[in-house]
S.K.: 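Starting off with a structure, shown below.
Each chain gets a letter, A, B and so on, in the order its sequence line appears, and its residues count up from 1. These numbers come from the heavy atoms of this one structure, side chains and all, not from hydrogens, waters or symmetry mates.
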Amino acid sequence: MVRVRFAPSPTGPLHIGGLRTALFNFLFARKNNGKFILRIEDTDQLRYVPGAEDYIIESLRWVGLDYDEGPDVGGPKGPYRQSERVEIYRKYAQELVDKGWAYYAFDTPEELDAMRQRLREARSPVQLYNHITRSEMKNSFTLSESEVKERIESGEPYVIRFNMPADRQIVVHDIIRGEVKVNSNTLDDKVLFKSDGFPTYHLANIVDDHLMEISHVIRGEEWLPSLPLHVLLYEAFGWESPQFAHLPLILKPNGKGKLSKRDGDQMGFPVFPLDWTDPKTGEKIRGYREWGYLPEAVINILAMLGWNPGTDQEIFTLDELIEQFSLERVQKSGAKFDPDKARWFNQQHLRRKSNEELAGMFRPILQLQGIEVDDRYLLRVIELLKERVEFVEDFWTKGYFFFEAPRSYDPKGVKKAWKEQTPQIMRELKEKIIQIQDFTSENIERELKQWIESKGLSFSKVFTPLRLLVQGSTSGPHLFDMLELIGKDEIIKRIEYGIENIKK
RNA sequence: GCCCGGUUCGUCUAGUGGUUAGGACGCCAGGUUUUCAACCUGGAGGUCACGGGUUCAAGUCCCGUACCGGGUGCCA
């Protein structure tokens, strides 16, 4: 039985790197008829951010990554919030102490700093709390059993550290990267249980993955260095280890490093699925959703960052991804995020939507403008604009003139199309348009072209200024379809108004 | 510093010892269009990080170096 989990910690808004980890877990679970579990890793009291958990849940829901078990939906292996499981971790930490795999330590943060500082100054290649240095610190190795007991009973703060064995060659296996070998001497006695009564990630993670019967741990590459520790923890408990897959990181588009919080607003693309307002600073960051991205597009963008099907297919629905996903085809190297391609994905998915769906998404934007239109008109507008739009908002920015007369005229367009003789031509054109009885696209085109030819004018001398008058700029949708849709009376009004108001 | 991982057009990538190194985004040009977009056709863009091996043959296997990234916390 495949059981995988997405285990974010609620220290801020979910980042798209995290969302991709969730996606790959989800795809793997669905592909293998397994379970996808959401677990909230809120063991850090200091970094806890109110609202972050709700944000995570809402984000997953928005993109359609439904989980089978989780804090809000429950499940047989709950609770799914680590803060509600502290007693469990305490018990297992104790078990490791009893078995000799862990020990008590009483060093203060200052003492730890001093130790690292000293080692650095001594040019020691490693500055670790390990099998060598622990003999100089305050812990179960240096204190007598009774003194340890006494300190604990007197309420002195303590932590429980892992007893990292010396000189062990650890070989771990990763589905994406193959074998990774590490010597335990480069590892340290990690804190497993903190003095605040909470476990660290390492302990809680292993205990929960075991108790929740997780079969595959699919997580970001930043966890690869702690994999040997985790494997040793499974050994210490005598548990069978799940399989591991470490996903490549998503990197900044230009420049270096992991994609992070502020990159988005600076470089003109979102880094978070939804809008987020920092509860402390009040700072607002825009999300994919509010930016106008379709959830389908976000899924597609993330799926293609670090995975590919091995075919030329690039546009996928979630179901198609489930069908074709495999961990074996996940890339080893980090992928730079490409904002241009992200836009392209959105455009592709937008075009695959029905006109009715698009109308449903566009109407709220119109309502914001105080505009009410009937469905037939709206659907025609969408039909005319659909191929030239990347985001839903573009229906407004590129088509507002279907709903109201242009308020201004694009200066470049005016310069290009509005010549000395143009007002006179437009006056005559207006008279011609008044005469057109059958005001349909096809007929308007035929009659106007005939008229232009009979006057010995060129199409562009007439049509470009006409377009300018009707829509305020010189590039846009099919001219005659647009004229038909806007209607004869309104067209005439716009021509009259424009002739008076465009100055040359 | 130390540990781990990575390295194919600007970007995402195909490629598993023998290919003119393929596709997509973006860019450029032509076609189409009253215009722009879309679409179609074409183009530029890669000494497969570098250096050494192994082999009749290496982007593909091995070693070293460089560079990039991650980790190195009582953070996850």
S.K.: Sugar-phosphate means primed atoms, P, OP1 and OP2; the rest is base. With that split, encode nucleotides 34-44 of chain B 5' to 3' as B, S or - using protein heavy atoms under 4.0 Å.
M.R.: BBBBSS-----
S.K.: Salt-bridge test for A:K455 and A:E428: reply yes if a basic N is under 4.0 Å from a carboxylate O, no otherwise.
M.R.: yes
S.K.: Please measure how far the P atom in B:A24 lies from the corresponding atom in B:C39, and state the result in whole Å.
M.R.: 12 Å
S.K.: Any strand counts, and the cut-off is 3.5 Å on both contacts for Watson-Crick or G-U wobble. Which nucleotide pairs with B:U60?
M.R.: none
S.K.: Counting the benzene-type ring for Trp, do A:F463 and A:F480 have ring centres under 6.0 Å apart?
M.R.: yes
S.K.: Checking contacts here: which listed nucleotide (B:C75, B:G6, B:C4) is nearest the side-chain heavy atoms of A:L224?
M.R.: B:C4
S.K.: Using atom P of each nucleotide, how far apart are B:G42 and B:C68 to the nearest Å?
M.R.: 40 Å
S.K.: Which value, in whole Å, describes the distance between the C1' atoms of nucleotides B:C27 and B:G10?
M.R.: 10 Å
S.K.: With both distances kept under 3.5 Å, what pairs with B:A29, Watson-Crick or G-U wobble?
M.R.: B:U41
S.K.: Is it the case that the base of B:C3 and the side chain of A:T186 share a donor-acceptor contact (distance under 3.5 Å, atom types as modelled)?
M.R.: no
S.K.: Between A:R116 and B:G73, does any side-chain N or O lie under 4.0 Å from OP1 or OP2?
M.R.: yes
S.K.: Between B:U8 and A:K332, is there an OP1 or OP2 to side-chain N/O distance shorter than 4.0 Å?
M.R.: no
S.K.: Please answer whether the main-chain N or O of A:Q471 pairs with a side-chain N or O of A:R494 as donor and acceptor at a distance below 3.5 Å.
M.R.: no
S.K.: Partner lookup for B:G5, please. Criteria are Watson-Crick or G-U wobble with both distances under 3.5 angstrom; report none if nothing qualifies.
M.R.: B:C68
S.K.: Hey, are A:R352 and A:E296 close enough for a salt bridge, meaning a charged N less than 4.0 Å from a carboxylate O?
M.R.: no
S.K.: Sticking with atom P, work out how far B:A76 lies from B:G59, rounded to a whole angstrom.
M.R.: 46 Å
S.K.: Any side-chain donor-acceptor pair under 3.5 Å between A:Q45 and A:D196?
M.R.: no
S.K.: Can you tell me the pairing partner of B:C75 across any strand shown, Watson-Crick or G-U wobble, with both distances under 3.5 angstrom?
M.R.: none
S.K.: Measuring only the P atom in each nucleotide, how far is B:A21 from B:C9? A whole number of Å is fine.
M.R.: 15 Å
S.K.: Select one nucleotide: of B:C75, B:G6, B:A14, the one nearest the side-chain heavy atoms of A:Q331.
M.R.: B:A14
S.K.: Taking atom C1' in both B:U55 and B:G1, compute the distance separating them and give it to the nearest angstrom.
M.R.: 40 Å
S.K.: Can you tell me, in whole Å, how much space there is between the P of B:A58 and that of B:G18?
M.R.: 11 Å
S.K.: In the structure shown, which nucleotide is the Watson-Crick or G-U wobble counterpart of B:G17, with both distances under 3.5 Å?
M.R.: none
S.K.: What does B:U54 pair with, Watson-Crick or G-U, if both distances are under 3.5 Å?
M.R.: none
S.K.: Any side-chain N or O of A:R161 less than 4.0 Å from the OP1 or OP2 oxygen of B:C74?
M.R.: yes
S.K.: Taking A:Y103 as the fixed residue, which of A:F162, A:Y158, A:F193, A:F141 is the one that meets the ring pair (Phe, Tyr, Trp, His ring centres under 6.0 Å) rule?
M.R.: A:F141
S.K.: Using modelled atom types and a 3.5 Å cut-off, is there a donor and acceptor pairing between side-chain atoms of A:E111 and backbone atoms of A:T108?
M.R.: yes
